[in-house]
Amino acid sequence: MAQRTFEISQEQYQSMADDSGGFCIGCGAEASGVEPDARNYKCEDCGQPSVFGIEELLIMGQIEFTDDD
C-alpha cells in the first residue's frame with residue numbers, strides 16, 4: 001500500500017486529537033471515534049483495515065503541517 005501524506009493545519013491536528021480523529025491511509029477518508037494510537041482499524045468508506053489515529057500518523061511521518069511559521 002502506498003504511503004499517503006496528509007496535509008493539515010496544526011489547528012486541525014489538535015481538533016482531531018481532541019475528538020479522536022484519524023485517517024484511512026488507503027482511501028484518504030477522515031475517520032472519527034478512533035484511539036490516538038489506532039492502527040489498522042476498518043475504514044467505514046473503503047472497508048480496508050487501514051485507519052490510523054492522528055497521533056499514530058504523526059509518529060509515522062504521514063502528517064505534514066500546512067501552517068506557515
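Summarising the geometry, atom NZ belonging to Lys42 is positioned 12.0 Å from atom SG belonging to Cys24; distances are rounded to the nearest 0.5 Å. With values rounded to the nearest 0.5 angstrom, Gln48 atom CD is found 9.0 Å from Cys27 atom SG. Annotation: the span from Phe65 atom CZ to Gln12 atom CD amounts to 10.0 Å, rounded to 0.5 Å.
Of all the heavy atoms in Ile63 and Leu58, the pair that sits closest is CG1-N, 3.6 Å. Across all non-hydrogen atoms, the minimal contact from Val51 to Cys43 is CG2-CA, 3.5 Å. What you find for Thr5 and Glu64 is that their closest heavy atoms are CG2-CB, 3.8 Å. The two atoms that bring Arg4 and Gly26 nearest to each other are NH2-O, 2.7 Å, heavy atoms only.
The side-chain heavy atoms of Ile59 and Asp37, taken from C-beta on, include no pair separated by under 4.5 Å. Val34 places none of its side-chain heavy atoms less than 4.5 Å from the side chain of Phe23.
Phe52 pairs with exactly one of Gln62, Glu35, Met60 by the side-chain contact (heavy atoms from CB on, under 4.5 Å) rule, that one being Met60.
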